[in-house]
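So you know, we letter chains A, B, ... as the sequences are listed, proteins then strands, and number each from 1. Because the structure is a prediction, the values reported are computed rather than measured.
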There are 2 protein chains.
Amino acid sequence: MEYIAVMVATQESRDVFAALAEPRRRDLIDALGDGESHAVGELVAALRLPQPTVSKDLGVLREVGIVSVTRRGRHRLYRLEGEPLRQVHDWAKTFERFWGHQLDRVKQQAERMAASETASKEGRSC
Amino acid sequence: MEYIAVMVATQESRDVFAALAEPRRRDLIDALGDGESHAVGELVAALRLPQPTVSKDLGVLREVGIVSVTRRGRHRLYRLEGEPLRQVHDWAKTFERFWGHQLDRVKQQAERMAASETASKEGRSC
DNA sequence: CTGACATATTCCATGAATGGAATATATTGC
DNA sequence: GCAATATATTCCATTCATGGAATATGTCAG
């Protein structure tokens, strides 16, 4: 009788979107939105949450690069980093034409035609 | 001995950000990014995933309004809706000044000063 | 060195999301 | 009505995230 051990490579280390899924983490980001560095204690006071909770969420945000941290004495100063949020912004912006914007209908229709042009090579669109 | 039944209002019905947390759902959104209506079968073929998986993810996207659905014969045609994605876009755009953009440093610094001006009323900033 | 403070980490129980298989519903063509 | 097609729903096991309590780590003041 044999046993075969398989190393399962689960745990695809969270990405930016997943980090934003939790409302509390977005609150944290908002709190850092003034562009200043903030100590954990300040954020705890601002959000009125238990310190371990805040620390853990900051940890998640740091993992994906949304915040950076520097030590200063016995404090840790967290600061918002733009790049990862930019990714989210840019991705969403891709669909800009789906909310009217100021784009007049004519141009919008033209864009749709162009898009279905591309998609029609495999009979996939309606 | 008494028992008190408490109705616990859990299940805060997923929001847009949570819906985007799953990469496969973003793939689905990308596939609908041509602005056309697509039947489930088309999406199944495009993403090469089991049909129930696709149906379930479309269900999540529909719950939060990212897609809408219309029936046409035995097909269900899904279409991307802009508004919810706009929310995401707008939220992210709030932090625009955190990625250099073209904004020169002087103006950026000025914005930071203005922001900390606001925050300094409770000794919260560093 | 000691005590107080600031923050991070671990542990554990619980709840929620995921994946897959099976099955249900609805619609069309015959 | 019946078979086939298109899609949704249910069920279940498993994984993953969360929340809270407790505890560990690191740093400063005296």
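Nearest heavy-atom pair across B:I66 and B:L80 is O-CD1, 3.4 Å. Scanning all heavy atoms of the two residues, the minimum distance from A:V67 to A:L58 falls at CG2-O, 3.9 Å.
For A:R79 (side chain) and A:G35 (main-chain N/O), a donor-acceptor pair under 3.5 Å exists by modelled atom type. Looking only at distances, a side-chain donor or acceptor of A:E42 sits under 3.5 Å from a matching main-chain atom of A:A39. Looking only at distances, no side-chain donor or acceptor of B:R25 sits under 3.5 Å from a matching main-chain atom of B:L61.
Nearest nucleotide to the side chain of A:R24, out of C:dT7, C:dG19, D:dG19: D:dG19. The side chain of B:R74 lies closest to C:dT28, out of C:dT28, D:dA8, D:dT7. Distances were taken from every side-chain heavy atom of A:P52 (C-beta onward) to each of C:dA22, D:dA22, D:dG20; the shortest belongs to D:dA22. Of the candidates C:dA8, D:dT27, D:dT9, the closest approach to any side-chain atom of B:S55 belongs to D:dT9. Distances from the side chain of B:K56 to the nucleotides D:dG20, C:dA21, D:dT27 place C:dA21 closest. Checking D:dT18, C:dT18, C:dT7 against every side-chain atom of A:A39, the shortest atom distance belongs to C:dT7.
Rounded to an integer number of Å, the gap from CZ of A:R14 to C1' of D:dA17 is 7 Å. As a whole-Å value, the separation of A:L77 CG from C:dA8 C1' is 15 Å. Between B:D57 atom CG and C:dA17 atom P the separation is 12 Å, expressed in whole Å. Between the CD atom of A:E42 and the C1' atom of C:dA6 there is a distance of 12 Å, rounded to whole Å. Straight-line distance from the CZ atom of A:R76 to the P atom of C:dC5: 19 Å, rounded to whole Å. To the nearest angstrom, C1' of C:dA8 lies 15 Å from CG of A:L43. B:L58 places its CG atom 10 Å from the C1' atom of D:dT7, with the value rounded to the nearest Å. Computed from coordinates, the B:D27 CG to C:dT18 P distance equals 14 Å when rounded to whole Å.
Between B:F17 and B:W91 the shortest side-chain heavy-atom distance falls below 4.5 Å. Under the 4.5 Å side-chain criterion, counting only non-hydrogen atoms from C-beta, B:V40 is not in contact with B:H75.
Comparing A:T53 and A:G73, the nucleotide of DNA chain D nearest to each residue sits closer to the 5' end for A:T53. Both B:R62 and A:E22 sit near DNA chain D, but only B:R62 has its closest nucleotide nearer the 5' end.
Contact annotation for A:R72: no contact, since no heavy-atom pair falls under 4.0 Å across all strands.
Between B:Y78 and the phosphate of D:dA8, there is a side-chain N or O to OP1/OP2 separation shorter than 4.0 Å. Regarding contacts with the backbone of C:dT7, a side-chain N or O of A:H75 is found under 4.0 angstrom from either OP1 or OP2. For A:R71 and D:dT27, the shortest distance from a side-chain N or O to OP1 or OP2 is below 4.0 Å.
Under 4.0 Å is where a charged nitrogen must lie from a carboxylate oxygen, and between B:D30 and B:R26 no such pair does.
Defining each end axis of the helix from C:dC1-D:dG30 to C:dC30-D:dG1 as the rotation carrying four pairs' C1' atoms onto the next four, with five pairs an end, the two axes are found to diverge by 20° to 10 degrees.
At a cut-off of 3.5 angstrom, counting only N and O atoms as typed in the model, there is no donor on one side facing an acceptor on the other between the side-chain of B:Q51 and the base of D:dA6.
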